[in-house]
Amino acid sequence: MFGKLKQFGRQFTETTPFILSNTVIFIPYLLFMGLSNGFGWQLILPFTLFYTFRMTGLFLISGIRFGLDSYTLLMISLLIGGAGSLVGIFGMFYFPLFYFSSVLLGLSAAWLVPANVTVNRHEKQQGYVNMKGSKYFFALFLLFILFRAIELPYPLQAGVTLSLYTVFYIMAYHTVSHYPRYELDFKDIKKNLVVTKELVLFAVFFVLLFVLRNARLLVDTKLFDFAIFGFLLLFIVLTFYLGRARKNWKLPDWLNLLTFLNGMIGNFLFLFSTIYIGRVYGFDKIAMHMYVPYITGMLLAKILGQSVLRRVSSSPVVLQLAGMLFSLFVLLIPHGFIVGLFLLSFWHAVTGSWLNQEYYAIETAIPADRRVITKYTTQNKGSVIHQFLLMTMLFGTAYLMDEPLNLLLRLTGKGNVPASGLELLIYVKWLNIGLLILGVISVYVLWKRGEKHASIR
């Protein structure tokens with residue numbers, strides 16, 4: 001009897017790496033956002049620290065290489081994530097502890113997902129699969145409890161959610177430590193060279209993102225100016241640098257650009273769509289009009305994505321680009337934004353999974369253990385750059401419409417804005433989607449050129 005109960009409990013325990021890798025980005029995001037009231041540095045700092053470390057954590061691990069393999073990185077991300085959740089519980093009694101909690105959870109969110117994908121792929125190649133079909137029922141049950149916890153009022157929300165996350169991290173660490181093809185040995189962690197380029201990129205992106213997020217939450221126009229003009233300077237420098245460094249890239253141009261574009265689309269889905277849905281339909285409708293189509297598209301992609309790519313005779317690249325292009329045009333149709341959001345979420349997730357496989361299959365000098373981390377790093381660069389491009393579009397459009405910058409910052413928050421604010425947002429939607437359409441076309445042109453060169457050889 002005891003053995004059966006232990007086996008039943010193990011079914012729940014073994015789903016926790018899957019649960020964490022699929023929720024660690026947005027559950028702490030929502031949790032720390034709930035702590036902020038937008039009226040002081042102290043209350044918004046947990047959110048901005050989590051968000052900034054989550055977006056730039058991979059640049060940090062690329063800039064200071066310790067000789068970590070993906071399994072060790074996964075175990076470290078589980079350890080610091082568990083510590084961050086535990087510290088966060090005590091933050092309810094002493095608020096500054098939330099600052100440490102947000103940093104640890106932000107780094108865990110940055111490292112856990114790519115490391116988990118790499119480890120799972122290695123295990124599968126060796127004949128071991130942790131998340132079998134029968135376990136998805138247990139995962140859905142735990143996800144239901146987690147989502148119910150995040151809906152609770154504060155402070156109950158923070159206490160219950162962080163307690164659940166602490167338990168999940170402990171269970172995930174126990175599960176991963178028993179994977180048959182790996183052994184954890186911290187003695188193998190060694191100092192390696194500092195990669196100056198990645199470390200500088202981490203520092204610059206961290207500062208700019210941190211300032212931008214605080215400017216939006218505090219509605220501070222001076223901070224916003226600093227972030228936007230700092231980004232424009234960085235954008236000019238990066239443009240010159242990429243022109244010279246492109247010949248040293250270890251991956252095809254089209255693959256780098258597609259990964260970068262997928263990161264941009266991810267930021268469009270999560271950031272711009274939240275602002276747009278909130279302003280057009282009301283912030284009380286975000287759960288139904290934004291999160292439901294977004295999550296539904298993502299889940300359907302996991303279930304049907306590979307089947308769709310296999311059944312259609314055309315190239316997977318062409319099919320995915322066509323799906324993205326169609327989704328973007330649907331977003332431009334009056335009252336078609338929610339349907340377009342669902343479609344774009346589907347193709348964004350399909351492309352993300354396909355890129356994971358492509359990074360392993362392609363011949364390149366990048367070590368197999370670091371390929372998915374490389375993919376997620378490029379994708380994060382696209383997400384960060386898109387966020388600043390979006391804010392620059394809003395800034396430029398507001399200037400051309402002779403609208404005050406204060407309106408722009410209130411537009412990205414939940415306060416009341418005049419009708420001209422919604423008009424500004426619609427203009428930016430067209431500019432934004434136009435930029436993404438141009439990105440899709442550019443990927444296709446580069447891919448077609450690469451195919452032509454390959455056939456000549």
Side-chain angles (χ1 to χ4, degrees), residues 16-17 19-61 64 73-116 142-143 145-174 176 202-203 205-207 209-214 216-218 270 380 384:
T16 49
I19 291 170
L20 288 173
S21 65
N22 283 279
T23 64
V24 73
I25 289 176
F26 64 89
I27 289 293
Y29 179 98
L30 296 174
L31 180 66
F32 290 125
M33 179 176 277
L35 297 178
S36 167
N37 63 4
F39 293 108
W41 281 91
Q42 296 87 348
L43 293 180
I44 67 169
L45 202 52
F47 173 77
T48 52
L49 284 172
F50 168 79
Y51 182 82
T52 310
F53 274 102
R54 200 273 289 181
M55 293 300 298
T56 60
L58 281 177
F59 306 144
L60 177 62
I61 205 69
I64 306 176
L73 184 61
L74 175 58
M75 296 300 277
I76 290 173
S77 69
L78 292 173
L79 283 170
I80 65 172
S85 301
L86 184 61
V87 170
I89 296 173
F90 294 102
M92 296 176 61
F93 307 101
Y94 181 62
F95 194 87
L97 289 176
F98 276 125
Y99 306 152
F100 297 99
S101 173
S102 59
V103 170
L104 294 172
L105 282 169
L107 290 173
S108 178
W111 300 339
L112 191 150
V113 179
N116 189 57
L142 292 180
L143 283 169
I145 296 175
L146 183 61
F147 285 125
R148 293 296 296 173
I150 202 69
E151 291 175 348
L152 294 170
Y154 182 83
L156 198 58
Q157 177 201 63
V160 175
T161 303
L162 288 169
S163 297
L164 281 172
Y165 246 49
T166 302
V167 173
F168 287 174
Y169 268 110
I170 293 170
M171 294 164 76
Y173 185 89
H174 177 270
V176 176
F202 162 74
F205 274 154
F206 182 91
V207 171
L209 267 179
F210 184 79
V211 171
L212 178 65
R213 274 290 168 174
N214 281 299
R216 289 178 54 200
L217 290 171
L218 293 170
F270 204 77
N380 277 10
V384 172

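Residue numbers start at 1 and run along the sequence shown. All figures in this text were calculated on a predicted structure; none of them were measured in a lab.
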Q: Might you point out which heavy atoms bring Leu97 and Val87 nearest each other, and give the distance in Å?
A: O-CG1, 3.4 Å
Q: Under the side chain to side chain contact (heavy atoms under 4.5 Å, CB included) rule, what do Leu105 and Phe32 come out as? Steps first, then yes or no, please.
A: CA-CA 11 Å; Leu105 282 169; Phe32 290 125; 3.9 Å; yes
Q: Can you check whether Pro96 reaches Tyr94 side chain to side chain, under 4.5 Å on heavy atoms?
A: yes
Q: State the CD1-CG distance between Ile80 and Leu112, to the nearest 0.5 angstrom.
A: 9.0 Å
Q: Is the centre of the Phe47 ring less than 6.0 Å from the centre of the Phe50 ring?
A: no
Q: Kindly state whether the ring of Tyr165 and the ring of Tyr169 have centres lying under 6.0 angstrom apart.
A: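 Centroid separation for Tyr165 and Tyr169: below 6.0 Å.
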Q: Check for a donor-acceptor pair, side chain of Ser108 on one end and backbone N or O of Ser77 on the other, with a separation under 3.5 Å.
A: yes
Q: Which atom names give the shortest non-hydrogen contact between Met55 and Val384, and what distance separates them?
A: CE-CG2, 3.6 Å
Q: Do Phe147 and Ile27 come close enough that some side-chain heavy atom pair is under 4.5 Å?
A: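 With C-beta onward as the side chain, the pair touches.
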Q: Take atom CZ in Phe90; do more than 12 heavy atoms of anything else shown fall under 6.0 Å from it?
A: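 No.
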Q: Under 3.5 Å, side chain of Ser163 to main-chain N/O of Gly159, donor-acceptor pair present?
A: yes
Q: Working to the nearest 0.5 angstrom, can you tell me the gap between Arg148 CZ and Gln157 CD?
A: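 Answer for the CZ-CD pair, Arg148 versus Gln157, is 12.5 Å.
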Q: Would a 4.5 Å heavy-atom cut-off, applied to side chains only, mark Thr48 and Leu45 as touching?
A: yes
Q: Looking at every non-hydrogen atom in both residues, tell me the closest pair between Thr166 and Ser85 and how far apart they are.
A: OG1-CB, 3.2 Å
Q: Would you say that Leu162 contacts Phe98 through its side chain, given a criterion of any heavy-atom pair below 4.5 Å between the two side chains?
A: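 In short, these two side chains touch, coming nearer than 4.5 Å.
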Q: With no hydrogens and no angle check, is any side-chain donor or acceptor of Ser101 less than 3.5 Å from a backbone partner on Gly84?
A: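 A pair under 3.5 Å: yes.
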Q: Would a distance-only check, ignoring hydrogens and angles, find a side-chain to backbone donor-acceptor pair under 3.5 Å from Ser102 to Tyr99?
A: yes
Q: Would you say the ring centers of Phe270 and Phe26 fall short of 6.0 Å from each other?
A: no
Q: Work out which heavy atom in Asn380 is nearest to a heavy atom in Arg54; give both atom names and the distance.
A: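 Taking Asn380 first and Arg54 second, the nearest heavy atoms are ND2-O, 4.1 Å.
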Q: Could you check if a side-chain atom of Phe95 sits within less than 4.5 angstrom of a side-chain atom of Pro46, using non-hydrogen atoms only?
A: yes
Q: Return yes if some donor-acceptor pair links the side-chain N/O of Trp111 with the main-chain N/O of Gly57 below 3.5 Å, else return no.
A: yes
Q: Taking atom CZ as the centre, does Phe100 end up with more than 12 heavy-atom neighbours from other residues, nucleotides or ligands that are less than 6.0 angstrom away?
A: no
